Protein chains: 4
Amino acid sequence: MEKCDKKETIIQAALELVAEHGFHGAPMAMIAEKAGVGAGTIYRYFDCKDTLIMEIYGIVEERFVTALMEGYPEKGSVRERFLHMGAVLVRHLIAAPLELRFVEQFHNSPYGVAHRREKLFGEREKDIIRELFDEAKQQQIFKDLDLPILFALSFGPLVDVSRDHILKFINLTDQLIEQTVGACWDAVRR
Amino acid sequence: MEKCDKKETIIQAALELVAEHGFHGAPMAMIAEKAGVGAGTIYRYFDCKDTLIMEIYGIVEERFVTALMEGYPEKGSVRERFLHMGAVLVRHLIAAPLELRFVEQFHNSPYGVAHRREKLFGEREKDIIRELFDEAKQQQIFKDLDLPILFALSFGPLVDVSRDHILKFINLTDQLIEQTVGACWDAVRR
Amino acid sequence: MEKCDKKETIIQAALELVAEHGFHGAPMAMIAEKAGVGAGTIYRYFDCKDTLIMEIYGIVEERFVTALMEGYPEKGSVRERFLHMGAVLVRHLIAAPLELRFVEQFHNSPYGVAHRREKLFGEREKDIIRELFDEAKQQQIFKDLDLPILFALSFGPLVDVSRDHILKFINLTDQLIEQTVGACWDAVRR
Amino acid sequence: MEKCDKKETIIQAALELVAEHGFHGAPMAMIAEKAGVGAGTIYRYFDCKDTLIMEIYGIVEERFVTALMEGYPEKGSVRERFLHMGAVLVRHLIAAPLELRFVEQFHNSPYGVAHRREKLFGEREKDIIRELFDEAKQQQIFKDLDLPILFALSFGPLVDVSRDHILKFINLTDQLIEQTVGACWDAVRR
DNA sequence: CATGAATGAGATTTCATTCAT
DNA sequence: GATGAATGAAATCTCATTCAT
């Protein structure tokens with residue numbers, strides 16, 4: 001097993017355990033066992049548990065962005081791009097229930113807040129979502145609301161319905177997904 | 001200090017600590033210290049930590065329902081009632097930031113999910129929100145979507161923006177609140 | 001309820017709880033509840049838990065001696081008195097299973113040993129059992145063994161079989177009791 | 001120090017503390033300190049305190065059986081074997097005072113009773129003692145009494161005198177031991 | 001590099017005892 | 001006298017982290 005593989009294994013084990021049992025239910029020893037490595041080995045790859053969690057979050061987020069980019073209609077209208085992004089988001093969350101659960105755990109931890117703050121106001125390179133929203137505001141397609149509010153209107157419901165689907169409270173079909181994303185569009189569009 | 005006061009004090013201390021530092025950051029000893037009581041005293045009022053958390057959730061939920069009812073225009077149109085409820089919700093969440101943070105912690109715990117499941121499908125007396133939504137669906141004012149999806153479109157964003165306000169990512173004025181709730185209305189209405 | 005009654009009630013409650021659940025399973029609060037008194041009340045009658053236990057032991061022992069004296073054939077032969085005493089002992093232990101269990105708990109506690117030491121060598125007035133055994137040794141009816149050994153041969157088995165009866169490992173009939181006591185007589189007699 | 005040594009050390013420390021101060025007087029922290037290990041280390045070897053106690057009991061019992069077998073005259077008469085077994089029993093108990101005290105503590109705990117029940121009625125392979133007693137009953141050498149009663153007559157006194165010796169109430173010489181075991185023989189033989 | 005036994009601080013919970021009412 | 005709420009020391013057990021092998 002190569003070095004990279006070992007790190008991957010640890011991350012996957014931690015992701016699953018945190019998603020399934022929460023932070024409480026994912027002690028380092030259990031992560032190590034599930035990953036099939038020694039407990040001390042984890043510390044060769046991560047400074048401490050917090051670092052491990054943070055890094056997993058980063059990876060999950062990246063996979064997430066990658067997913068969003070697949071088939072992204074860069075030349076399409078704002079509406080086309082919005083609908084595409086929303087549908088892809090829901091499909092990704094549903095396809096990766098562990099990652100959704102993990103992200104929710106993460107957001108309610110102290111560093112979750114810090115991370116969100118940095119994301120909203122930090123000096124990060126503009127990502128594709130920001131670009132779309134900025135453009136939509138500039139062209140007065142979107143309502144004149146702060147970015148966080150527009151984000152909330154767009155993605156808040158999508159995350160919620162994805163979780164409800166995973167928990168089997170509802171059953172999201174493709175049609176239902178489109179209708180829901182359409183409703184979000186109604187919320188933000190002028 | 002009276003008996004009732006002491007229980008209240010404990011609840012308040014736990015609420016604050018959980019809201020601020022998460023479940024991890026609220027050990028019983030710290031709750032006791034913050035409440036100014038002995039560690040064992042908590043166990044006169046609550047069987048165990050879980051019970052304490054659950055009871056606090058119940059109280060917070062109740063306060064919440066009470067707040068929603070204040071000035072509720074029972075005779076108003078569906079739209080009027082929806083807008084009122086949304087605005088009141090946001091104002092309440094903003095006015096009780098600790099409770100919002102607490103509820104978010106709670107929802108991502110094992111009993112949080114169980115609680116949500118019971119609420120959606122359980123035989124609880126129909127609450128006022130369900131009534132409003134059922135009526136709106138029946139009259140074909142709302143889109144023809146499952147109840148959980150309509151809930152998500154209505155309240156998901158409101159909770160999100162409230163949190164962003166508390167974290168000072170945005171500053172919600174009365175006007176902004178109304179605009180945001182209006183956007184949610186756009187999302188659910190046919 | 002009179003003062004004396006209250007003390008009695010406490011003692012009975014403690015006796016039952018200790019017998020049934022051991023010292024571990026008999027906290028003061030539980031004793032108080034079972035006795036129907038306040039937790040603090042116990043301390044009006046007993047200095048501390050140890051004192052309570054000791055006093056109960058004294059009472060049980062006394063009841064026990066009283067039982068031994070019932071129908072005691074003072075004028076009978078050593079053998080007659082021995083057999084009577086043994087049979088009465090077993091019947092008493094069987095009739096008062098709580099007391100037997102209590103005594104066994106007691107004997108394995110630190111003060112149990114101290115108590116036994118004092119009993120064997122202390123300056124206590126000679127009790128009826130000592131008298132019988134001393135007489136039997138003097139008349140060379142018993143084997144020439146130390147008193148503790150003769151005690152062990154006489155009563156050790158009787159306590160054991162009584163416990164086995166209580167635990168339903170065996171079923172002691174009158175005949176069986178007599179046979180067993182007879183066997184103990186065979187052990188000690190010359 | 002090797003792995004095996006560490007477990008041994010913990011067992012020895014627990015054995016001594018329980019024997020000396022009872023279950024009450026042997027908290028895990030004290031056991032750890034006496035064993036010279038960290039408090040958490042104990043839990044690498046034993047699931048919980050109960051497991052630790054049970055395992056110690058098993059070890060003590062095994063040593064005990066081993067001791068009984070030393071020099072056992074398999075070809076001897078029932079009487080020879082009985083006398084040998086009794087004497088060896090007493091010598092072993094005296095030589096291992098901690099183990100005797102421990103066993104007595106154990107027997108008066110909830111699992112102690114369960115263990116005894118299983119031993120008397122369970123489907124365990126017949127041990128050497130059962131064999132001897134069954135043979136003696138079949139050949140009508142022993143009185144016609146239930147097995148538990150014969151056990152009580154045989155071993156009850158021996159355990160008692162051993163404890164008295166350890167507590168220095170008496171001083172058991174070889175001759176005294178033989179006489180006492182002889183008295184037990186008188187009790188059970190027809 | 002990898003391991004996993006060892007650690008000990010810290011978490012939850014219990015309970016003998018006190019003391020204001 | 002009687003009460004029982006309050007206490008806090010102490011018990012059991014967990015787990016992030018280290019370090020000798």
Side-chain angles (χ1 to χ4, degrees), chain A residues 1-3 6 10 23-33 35-53, chain B residues 1-3 6-7 10 23-33 35-52, chain C residues 1-3 6 10 23-33 35-53, chain D residues 1-3 6-7 10 23-33 35-52:
Chain A
M1 186 189 286
E2 295 169 36
K3 178 180 172 177
K6 194 159 282 189
I10 293 168
F23 285 102
H24 265 77
M28 294 298 261
M30 201 182 289
I31 293 171
E33 196 191 19
V37 303
T41 306
I42 298 179
Y43 291 86
R44 297 226 131 271
Y45 298 99
F46 309 94
D47 274 356
C48 62
K49 195 176 185 181
D50 285 359
T51 304
L52 170 62
I53 300 299
Chain B
M1 187 187 287
E2 296 168 36
K3 178 184 172 179
K6 192 153 281 187
K7 187 169 180 179
I10 292 167
F23 285 101
H24 258 86
M28 293 301 260
M30 201 182 286
I31 293 171
E33 196 189 18
V37 302
T41 304
I42 299 179
Y43 291 87
R44 291 203 63 70
Y45 297 99
F46 308 94
D47 274 356
C48 61
K49 193 175 186 179
D50 284 0
T51 302
L52 170 62
Chain C
M1 187 188 286
E2 297 169 33
K3 179 181 171 179
K6 195 160 278 189
I10 293 167
F23 284 102
H24 266 77
M28 294 299 261
M30 201 183 288
I31 293 171
E33 195 191 19
V37 303
T41 306
I42 298 180
Y43 291 86
R44 298 226 130 271
Y45 297 100
F46 308 93
D47 274 357
C48 62
K49 195 177 186 181
D50 284 1
T51 303
L52 170 62
I53 300 298
Chain D
M1 187 187 288
E2 296 169 36
K3 178 185 171 179
K6 193 154 279 188
K7 188 171 180 179
I10 292 167
F23 284 101
H24 259 85
M28 294 300 261
M30 200 182 288
I31 293 171
E33 196 189 17
V37 303
T41 304
I42 299 179
Y43 292 88
R44 290 203 62 70
Y45 298 100
F46 308 94
D47 275 354
C48 61
K49 195 176 184 179
D50 283 1
T51 303
L52 170 61

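Everything numeric here is computed off the predicted structure, so don't read it as measured data. We name chains A, B, ... by the order of the sequence lines, and we start the count at 1 in each one. Side chains included, hydrogens not; waters and symmetry mates left out as well; all remaining heavy atoms used.
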What is the separation between atom [atom1] on [X] and atom [atom2] on [N], rounded to the nearest whole Å?
{"X": "D:Ile31", "N": "F:dA10", "atom1": "CD1", "atom2": "P", "result": "17 Å"}
{"X": "C:Met30", "N": "E:dC15", "atom1": "CE", "atom2": "P", "result": "7 Å"}
{"X": "D:Ile42", "N": "F:dC13", "atom1": "CD1", "atom2": "C1'", "result": "11 Å"}
{"X": "A:Glu33", "N": "F:dA16", "atom1": "CD", "atom2": "C1'", "result": "16 Å"}
{"X": "B:Lys7", "N": "F:dA6", "atom1": "NZ", "atom2": "P", "result": "12 Å"}
{"X": "C:Tyr45", "N": "F:dG1", "atom1": "OH", "atom2": "P", "result": "7 Å"}
{"X": "A:His24", "N": "F:dA16", "atom1": "NE2", "atom2": "P", "result": "10 Å"}

Closest nucleotide among E:dT12, F:dT3, F:dA5 to the B:Arg44 side chain: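 It is F:dA5.
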Which pairs, protein N/O on one side and nucleotides 17-19 of chain E N/O on the other, fall under 3.5 Å?
residue	atom	partner	partner atom	Å
E:dT17	OP2	C:Tyr43	OH	3.1
E:dT17	OP2	C:Lys49	N	3.0

Can you tell me which stems DNA chain F forms, taking runs of 3 or more consecutive Watson-Crick or G-U pairs with both distances under 3.5 Å?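 Stem list for DNA chain F: E:2-21 with F:2-21.
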Nearest atoms (heavy-atom pairs only) where [X] meets [Y]:
{"X": "D:Ile10", "Y": "D:Ile31", "result": "O-CG2, 4.0 Å"}
{"X": "A:Phe23", "Y": "B:His24", "result": "CB-CE1, 4.2 Å"}
{"X": "C:Pro27", "Y": "C:Gly25", "result": "CD-C, 3.4 Å"}

Atom NZ of C:Lys6 and atom CZ of C:Arg44: how far apart are they, to the nearest 0.5 Å?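 The CZ atom of C:Arg44 is 11.0 Å from NZ of C:Lys6, to the nearest 0.5 Å.
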C:Leu52 side, atom CG; C:Tyr45 side, atom OH - distance, nearest 0.5 Å: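 The distance works out to 13.0 Å.
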Return whichever of D:Gly36 or C:Phe23 has its heavy-atom-nearest nucleotide of DNA chain E closer to the 5' end.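 Closer to the 5' end of DNA chain E: D:Gly36.
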Not counting sequence neighbours, which residues clear side chain to side chain contact (heavy atoms under 4.5 Å, CB included) with C:Ala39? List them please.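 So C:Ala39 forms a side chain to side chain contact (heavy atoms under 4.5 Å, CB included) with C:Ala32.
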In chain order, what residues pass the side chain to side chain contact (heavy atoms under 4.5 Å, CB included) check against C:Tyr43, with sequence neighbours excluded?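 C:Met28.
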Phosphate oxygens OP1/OP2 of F:dA5: is one of them under 4.0 Å from a side-chain N or O of B:Lys6?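 Looking at the OP1 and OP2 atoms of F:dA5, neither is under 4.0 Å from any side-chain N or O of B:Lys6.
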Would you kindly compare C:Gly38 and A:Gly25 by the position of their nearest DNA chain F nucleotide and give the one closer to the 5′ end?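 Counting from the 5' end, the first nearest nucleotide belongs to C:Gly38.
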